[in-house]
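Below, read A as the first sequence line, B as the second, and so on, with proteins coming before strands; counting in each chain starts at 1.
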Amino acid sequence: MRRAHTHLSAALTAALKAQGVELPTVTLEKPRDPAHGDIATNAALVHAKALKVAPRALAEKLLAELELDPSLLTCEGVAGPGFINFRFASAYLQSLVGQALERSEEFGRSDLLAGKRILIEFVSANPTGPLNVVSARAAAVGDALCRIYRELGAECDGEFYVNDAGNQVDLLGRSVLAQYETLRGNVTEIPEGGYHGEYLNSFARSVLDSSGDVYHDMPEDEAAAALGKLAIEHHIAMHRHSLEAFRVQMSSWFHESALRDKRAEWKALEELERRGAIFEKDGAKFVLTSEFGDTQDWVVVTSQGKPTYFLPDIAYHLDKFHRGYDLILDILGPDHHSYITKMTAAMSALGEDAKRLEIMLLQHITLLRDGEPVKMSKRAGQIIEMDELLEEVGVDAARYFFLLRRTSTPLDFDIELAKRQSDDNPVFYAQYAHARIASIFRRAELEPPTSASHLDLLTHDEELTLLRRLRELNDVLADCADSRDPHALTVWLREVAAQFHRFYHHCRVLTTPAELQTARLCLCRATQIALKRGLALCGVHAPMEM
RNA sequence: GCCCCCGUAGCUCAGUGGAUAGAGCACCGGCCUCCGGAGCCGGGAGCAUGGGUUCGAGUCCCGUCGGGGGCGCCA
């Protein structure tokens with residue numbers, strides 16, 4: 001899908017060298033104004049200064065030098081301050097239909113990131129309650145990114161880090177125990193800082209129903225520990241179930257308890273000490289993150305001798321580095337922003353190449369119902385569970401809506417809009433185009449073509465514009481990969497759908513001369529394949545009818 | 001006080017150093033004896049602000065104003 005670009009890039013490099021440029025830099029871009037063609041290059045503007053000539057004059061010289069394959073590209077001449085514009089040859093655009101039909105599900109695949117190993121950690125919600133809608137956005141984004149990186153040839157793993165150790169397990173156990181005792185008629189206060197969610201009440205009831213007084217008869221510490229463990233396991237199972245329903249495939253679930261079993265947090269501490277990156281103050285141990293780019297140092301072991309959450313987190317990240325990934329991506333909530341410099345500094349302190357670690361912050365979401373924000377308070381236990389949202393709007397709409405904004409932008413999730421079956425609902429608009437194509441083949445009582453013919457008849461403006469859109473899939477995926485953000489894919493899908501509808505309105509498909517009909521059916525099929533792939537990378541189904 | 005995100009059309013947002021800044025919604029007006037009208041065609045207005053870097057800035061840097069979030073020996 002980038003043959004024309006590759007060709008042009010090479011041709012321009014050769015032309016620049018002939019003009020005496022030793023290290024040509026060639027950037028190709030899509031002009032904003034379609035009247036300027038399909039590809040523009042600023043090569044003349046960039047290199048004019050060094051060669052001491054006017055940009056437009058250099059552009060003319062390059063043009064005279066340039067050897068282009070006319071089956072791929074034609075030149076539109078020099079324009080503006082010194083841009084050179086090019087246009088795709090119709091034959092090249094038409095050939096994309098053949099590619100789509102032949103490659104089918106593979107349309108969009110490339111080897112851009114072949115050989116790269118990428119790890120994306122996402123969701124990683126604490127197993128102290130069900131997944132809520134905050135995790136749902138992370139799930140949608142993280143999973144879509146995994147799919148995109150794999151589409152581009154990378155080996156990409158998605159990982160859930162399970163915080164199943166430490167203080168919160170104990171606290172969770174005591175909270176459950178309090179609920180359990182209350183249910184037995186022994187009204188007990190939930191401990192300070194404990195968990196108040198209603199879900200724990202029903203969990204405590206199920207424990208009481210199945211185990212009776214067993215936990216009442218144990219010593220309190222023992223009961224709390226046992227109940228904590230039980231509650232954690234219960235929630236992990238819930239998380240797995242919810243994510244599966246959301247079509248999120250985690251490659252691995254990394255348990256903090258496994259790390260602690262190996263004493264990995266203490267080994268990380270020893271390594272930091274060995275490197276002189278630990279100091280003691282007021283009986284606590286600090287890591288010298290300020291020496292590695294952070295504004296302050298952080299406690300890793302309290303004066304009570306217990307590790308803070310940060311120490312096992314360091315051990316966990318170190319483990320990720322040791323697993324040899326080229327890129328280690330963490331997707332975290334916006335409240336973790338201090339974590340970026342903190343963890344990066346800690347990795348540097350351990351002698352790792354911190355550039356391999358990228359921590360991205362996913363901005364929060366606001367659910368809107370009838371235009372009004374749905375109030376959520378974690379402290380009061382009022383949360384909207386991910387499962388409830390899926391139940392109400394469906395997996396397709398939920399996944400797609402979470403990708404509609406850039407990750408750096410807070411997202412308003414309009415529940416009514418997500419449920420609406422009309423063209424102002426972006427997910428339905430894209431899916432509808434796919435279903436409409438399916439209906440054309442049903443109507444014609446034809447199987448979709450698997451090989452192309454008479455493509456040279458596709459010469460209408462709307463046909464060629466549609467082909468240009470289909471070609472962009474590779475570029476869009478590369479953008480998503482670079483920006484670590486699948487959102488551009490939803491923009492592309494909307495544009496493909498819109499352009500398909502325009503084409504369909506202006507160009508009759510059925511009841512036209514046989515050869516033209518064949519060509520147009522091939523174009524319809526190619527569009528359908530492209531839509532299906534785009535939707536699949538978002539984790540959304542492409543229905544045949546709706 | 002320090003740090004992060006954001007400020008583009010009435011609203012929600014694209015635009016990640018290029019040429020005359022684009023979509024959707026909403027609003028107004030057209031298009032169904034015609035392959036799915038869940039669609040298409042046409043119509044207005046805008047880069048918060050002041051500097052700087054650059055041949056070129058919505059985009060990069062600094063300041064100001066406005067909105068949101070974060071700064072524990074909690075996780």
Which base, if any, makes a Watson-Crick or G-U wobble pair with B:A57, both distances under 3.5 Å? none

If you take atom types as modelled and just measure distance, does the side chain of A:Arg405 reach the base of B:G15 with a donor-acceptor pair under 3.5 Å? no

Could you check whether A:Arg443 gets within reach of a base, just the sugar-phosphate, or nothing at all, counting any heavy atom under 4.0 Å? sugar-phosphate

State whether the distance check finds a donor on one side and an acceptor on the other, under 3.5 Å, for side chain A:Thr308 versus base B:C73. no

A:Asp330-A:Tyr161 side chain donor-acceptor pair, cut-off 3.5 Å: no

Pick base, sugar-phosphate or nothing for A:Cys507, based on heavy-atom distances below 4.0 Å to the nucleic acid. base

Relative to the ring of A:Tyr504, is the ring of A:Phe500 parallel (under 30°), tilted (30 to 60°) or perpendicular (over 60°)? parallel

Less than 3.5 Å between a donor and an acceptor, one on the side chain of A:Asp33 and one on the base of B:A21, is that the case here? no

Any strand: nucleotide that pairs with B:A23 via Watson-Crick or wobble, under 3.5 Å: B:U12

Under a 3.5 Å threshold, yes or no: a donor from one side chain and an acceptor from the other, between A:Ser422 and A:Asp424? yes

What is the distance from OH of A:Tyr339 to C1' of B:C3, rounded to the nearest Å? 18 Å

Parallel, tilted or perpendicular: which fits the ring planes of A:His5 and A:Phe88, with parallel below 30° and perpendicular above 60°? tilted

Starting from C1' on B:G24, measure out to CG on A:Asp414 and report it in whole angstrom. 13 Å

Is there, by distance only and without an angle test, a donor paired with an acceptor across the side chain of A:His501 and the base of B:C40 below 3.5 Å? no

Expressed in whole Å, how much space separates the C1' atoms belonging to B:U49 and B:C55? 26 Å

Ignoring hydrogens and geometry beyond distance, is the side chain of A:Asp335 in donor-acceptor contact with the base of B:G69 at under 3.5 Å? no

With a 4.0 Å cut-off on N to O distance, would you call A:Lys229 and A:Glu233 a salt bridge? yes

Rounded distance in Å between the C1' positions of B:C60 and B:G66: 22 Å

Opposite nucleotide pairing with B:G29, Watson-Crick or G-U, both atom distances under 3.5 Å: B:C41

With syn defined as a glycosidic angle within 90° of 0 and anti as everything else, classify B:C34. anti

Go through the N and O atoms of the side chain of A:Tyr309 and the base of B:A75, and report whether any donor-acceptor pair is under 3.5 Å. yes

Can you tell me whether the side chain of A:His364 and the base of B:G68 have a donor-acceptor pair closer than 3.5 Å? no

A:His505 has an atom NE2; how far is it from atom P of B:C34, in whole Å? 14 Å

Spacing between A:Gln431 atom CD and B:G36 atom P, to the nearest angstrom: 19 Å

My understanding is that a pair needs two contacts under 3.5 Å, Watson-Crick or G-U wobble. By that rule, which nucleotide pairs with B:A48? B:U64

